[in-house]
Undergrad: 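Questions regarding the structure given below will be posed in turn.
Counting starts at 1 for both ligands and their atoms, in listed order.
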Amino acid sequence: MKILSIETSCDETGASVVEKKDNEKFVRVLSNVTATSSKLHAKTGGIIPEFAAREQIKAIIPVIVETLVESKNNHAAMQPCNHSFKTKKTELDFEDKFKLANTILKDHIDAIAVTNGPGLIGSLLVGVETAKTLSFAFKKPLIPVHHLLAHIYANFIRDNSSIINHKSSIQFPFIGLIVSGGHTDLLLFESVSKFKWLGGTRDDAAGEALDKIGRLLGLSYPAGPEIERRAAKIQKPTANSHPFDKLRASLPTAKFQSPLINSKDFDFSFSGLKTEVARFISKKHLTDRLINEICYALQEAIFAVLIKKTVRAAKLYNINKIALGGGVSANQTLRKQFQESVISNKLQVQIISPAKEFATDNAAMIGAYALLNYKPIDWHKINALPDLYFS
Ligand code: KG4
Ligand code: ZN
């Protein structure tokens with residue numbers, strides 16, 4: 001079965017064609033196109049919902065056309081297209097592409113999937129109303145998809161890197177940690193149709209904390225990737241390090257508390273970190289080196305609690321797989337520290353995470369969820385649900 005999937009919950013406009021064969025438990029990506037308006041939001045240091053939706057209205061049809069045309073070549077196109085739709089592979093002008101996309105949708109696509117929540121209402125409406133129109137016009141079944149669950153289902157995508165790295169595929173049951181710009185949630189996935197919410201953030205999400213603190217530090221938006229790059233420049237000494245490095249590391253530097261790290265629940269809280277960092281930098285002259293130190297300490301504080309509670313959930317429920325998802329899970333240090341934690345706890349727990357391009361918002365994960373959870377609904381009954389959560 002082949003699905004055209006659409007994702008517009010935040011500032012990205014994504015469309016993808018994904019496929020699953022009946023006997024397979026994983027999903028292949030035939031094309032994946034994402035247009036982002038992040039440069040616009042970088043100017044304001046955050047997303048202005050109205051601006052995001054206006055850009056999405058302009059981008060949605062070209063992105064869908066592009067992904068349908070790319071899918072014909074049967075290979076994933078993973079570069080963000082940034083509203084420029086000239087590709088080297090196809091010399092067609094937009095008129096020809098439009099006609100070709102029309103034929104592909106009519107003859108080769110079995111169903112349409114769309115994110116219906118949670119997210120920004122204006123952005124969601126762009127995707128949902130477009131999907132409903134296509135479903136009606138092309139007589140295709142329509143599947144509404146929960147954006148947060150889809151972040152975890154990104155782990156069912158088998159791309160070239162997982163084949164090359166022999167990354168083992170995910171199987172139920174597993175613990176899922178969603179760490180994105182808007183959410184931080186811990187869930188137990190028992191089967192495709194059964195999951196249990198274990199806990200989540202009481203205030204800011206992990207990515208939101210990174211972005212807000214990044215703004216205090218004058219970093220680019222979204223700040224997660226730059227914080228990762230800067231933190232990686234800080235080399236903490238090991239037992240074998242040169243004495244000079246040990247001495248330098250002993251000098252006072254940034255260190256922040258890991259919020260709720262010792263609480264017995266599975267909740268998180270990251271809003272206090274912003275105040276802590278603001279207080280810390282108010283007395284300091286911000287050098288490049290100090291910003292790197294703060295990025296390092298910030299990651300340490302956030303990742304420690306994410307890892308501790310997720311690993312504890314796996315132990316408590318006797319689960320041997322942990323699946324990560326959401327933009328923050330693109331962070332290599334987080335992935336590495338998760339691995340180190342299971343090793344140091346002598347646990348036989350496997351950590352699974354999506355390829356980087358499927359960790360941040362993308363339409364392929366929406367299609368992956370719909371293929372594994374195929375539940376079409378009459379298009380009249382599908383609405384954008386900005387506050388959709390876990391019920
Ligand atoms: O999942 P996502 O693309 O969108 C939401 O659903 O929110 O997540 C975006 C978040 C942003 O807060 C961004 O700063 C963070 O993911 N992020 C990262 C990295 N890449 C994106 N955080 C840490 N390290 C990264 N490499
Ligand atoms: Zn997301």
Undergrad: Considering the heavy atoms of G207, write down every atom of ligand 1 situated less than 4.0 Å from one of them.
TA: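 Those of ligand 1 that fall under 4.0 Å from G207 are 12 (O).
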Undergrad: Is it true that atom CZ of F26 has more than 12 heavy atoms of other residues, nucleotides or ligands lying nearer than 6.0 Å?
TA: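 Result for CZ/F26: enclosed.
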Undergrad: Does the side chain of V145 come within less than 4.5 Å of Y153's, by heavy atoms?
TA: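 No - every pair of side-chain heavy atoms lies 4.5 Å or more apart.
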Undergrad: Just verifying a value: how many Å separate T310 OG1 and L177 CG, rounded to the nearest 0.5 Å?
TA: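 One gets 4.0 Å once the value is rounded to the nearest 0.5 Å.
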Undergrad: Out of A330, P118, G327, whose heavy atom sits nearest atom 16 (O) of ligand 1?
TA: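 It is G327 that holds the nearest heavy atom.
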Undergrad: Considering non-hydrogen atoms of the protein only, which is the closest contact for atom 24 (N) of ligand 1, and what is the distance?
TA: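 Nearest neighbour among protein heavy atoms for atom 24 (N) of ligand 1, to 0.1 Å: N331 ND2, 3.1 Å.
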Undergrad: Mark up the atoms of ligand 1 that fall under 4.0 Å of a heavy atom belonging to E228, in ascending order.
TA: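 Going through ligand 1 atom by atom, the ones under 4.0 Å from E228 are 24 (N), 25 (C), 26 (N).
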Undergrad: I need the F270 CZ to K212 NZ distance, nearest 0.5 Å.
TA: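 Atom-to-atom, F270:CZ and K212:NZ are 12.5 Å apart.
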Undergrad: Under 2.8 Å from the Zn ion (ligand 2), is there any N, O or S atom belonging to H147?
TA: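 So H147 counts as coordinating the Zn ion (ligand 2), yes.
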Undergrad: Mind checking whether P225 has a heavy atom under 4.0 Å from ligand 1?
TA: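 Contact present.
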Undergrad: Any side-chain heavy atom of V179 sitting closer than 4.5 Å to one from L324?
TA: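 Sidechains of L324 and V179: no contact.
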Undergrad: If the cut-off is 4.0 Å to any non-hydrogen atom of G182, which atoms of ligand 1 fall inside it?
TA: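 Once the distances to G182 are compared, the set is 7 (O).
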Undergrad: With a cut-off of 4.0 Å, which atoms of ligand 1 are near a heavy atom of H147?
TA: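 Near H147, meaning under 4.0 Å from one of its heavy atoms, ligand 1 has 6 (O).
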Undergrad: Quick check: do R312 and N345 have side-chain heavy atoms less than 4.5 Å from each other?
TA: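 R312 does not reach N345 side chain to side chain.
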Undergrad: At less than 4.0 angstrom from any non-hydrogen atom of P222, what atoms of ligand 1 do you find?
TA: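 So the answer, numbered in order with elements, is 13 (C), 14 (O).
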Undergrad: Which of these, G224, A359, A150, has its nearest heavy atom closest to atom 22 (N) of ligand 1?
TA: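 Closest candidate by heavy-atom distance is G224.
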Undergrad: What atoms in ligand 1 come closer than 4.0 Å to a heavy atom of H151?
TA: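 Result: 1 (O), 6 (O).
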Undergrad: Considering only the protein, which heavy-atom contact is closest to atom 3 (O) of ligand 1, and what is its distance?
TA: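 The answer is D361 N, 2.9 Å.
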Undergrad: Give a yes/no answer: is there an N/O/S atom of H151 under 2.8 Å from the Zn ion (ligand 2)?
TA: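 Yes, H151 qualifies, because one of its backbone or side-chain N, O or S atoms lies under 2.8 Å.
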Undergrad: I'd like to know if I47 and L148 are part of one continuous hydrophobic network [Ile/Leu/Val/Met/Phe/Trp/Tyr, side-chain heavy atoms within less than 4.5 Å].
TA: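 In one cluster with L148: I47, no.
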Undergrad: Counting heavy atoms only, name the option from S329, A223, G181 that's nearest to atom 9 (C) of ligand 1.
TA: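 Looking at heavy atoms only, G181 sits closest to atom 9 (C) of ligand 1.
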Undergrad: Decide, yes or no, whether a salt bridge links K233 with D288 under the criterion of side-chain N to carboxylate O below 4.0 Å.
TA: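 The answer is no: the pair does not qualify as a salt bridge.
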Undergrad: Salt bridge check, E55 against K58: does any charged N sit closer than 4.0 Å to a carboxylate O?
TA: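 Yes, charged N to carboxylate O under 4.0 Å.
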Undergrad: Should G326 be counted as touching ligand 1, given the test is an N or O pair under 3.5 Å?
TA: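 No; the residue has no nitrogen or oxygen that sits under 3.5 Å from a nitrogen or oxygen of the ligand.
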Undergrad: Can we call the ring centroids of F189 and Y317 under 6.0 Å apart?
TA: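 Between Y317 and F189, which both carry aromatic rings, the centre distance is not below 6.0 Å.
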Undergrad: Measure from the Zn ion (ligand 2) to every N/O/S atom of D361 and report the name of the nearest one.
TA: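 Looking only at N, O and S atoms of D361, the one nearest the Zn ion (ligand 2) is named OD1.
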Undergrad: State whether the shortest distance between N or O atoms of K356 and N or O atoms of ligand 1 falls below 3.5 angstrom.
TA: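 No; every N/O pair is 3.5 Å or more apart.
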Undergrad: For L92 and K97, run side chain to side chain contact (heavy atoms under 4.5 Å, CB included): C-alpha distance rounded to whole Å, both residues' side-chain angles, the deciding distance at 0.1 Å, then the answer.
TA: CA-CA 6 Å; L92 303 174; K97 281 188 180 180; 3.8 Å; yes
Undergrad: Using a strict 4.0 Å cut-off to heavy atoms of T360, name the atoms of ligand 1 that fall inside it.
TA: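 The atoms of ligand 1 under 4.0 Å from a heavy atom of T360 are 3 (O).
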Undergrad: For the CD atom of E66 and the OG atom of S71, what is their distance to the nearest 0.5 Å?
TA: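 Going from the CD atom of E66 to the OG atom of S71 covers 10.5 Å.
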Undergrad: Polar-atom distance check: L210 versus ligand 1, any N or O pair below 3.5 Å?
TA: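 By distance alone, the answer is no.
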Undergrad: What protein heavy atom is closest to atom 14 (O) of ligand 1, reported as residue, atom name and distance in Å?
TA: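 Sorting protein heavy atoms by distance from atom 14 (O) of ligand 1 puts D211 OD1, 2.8 Å first.
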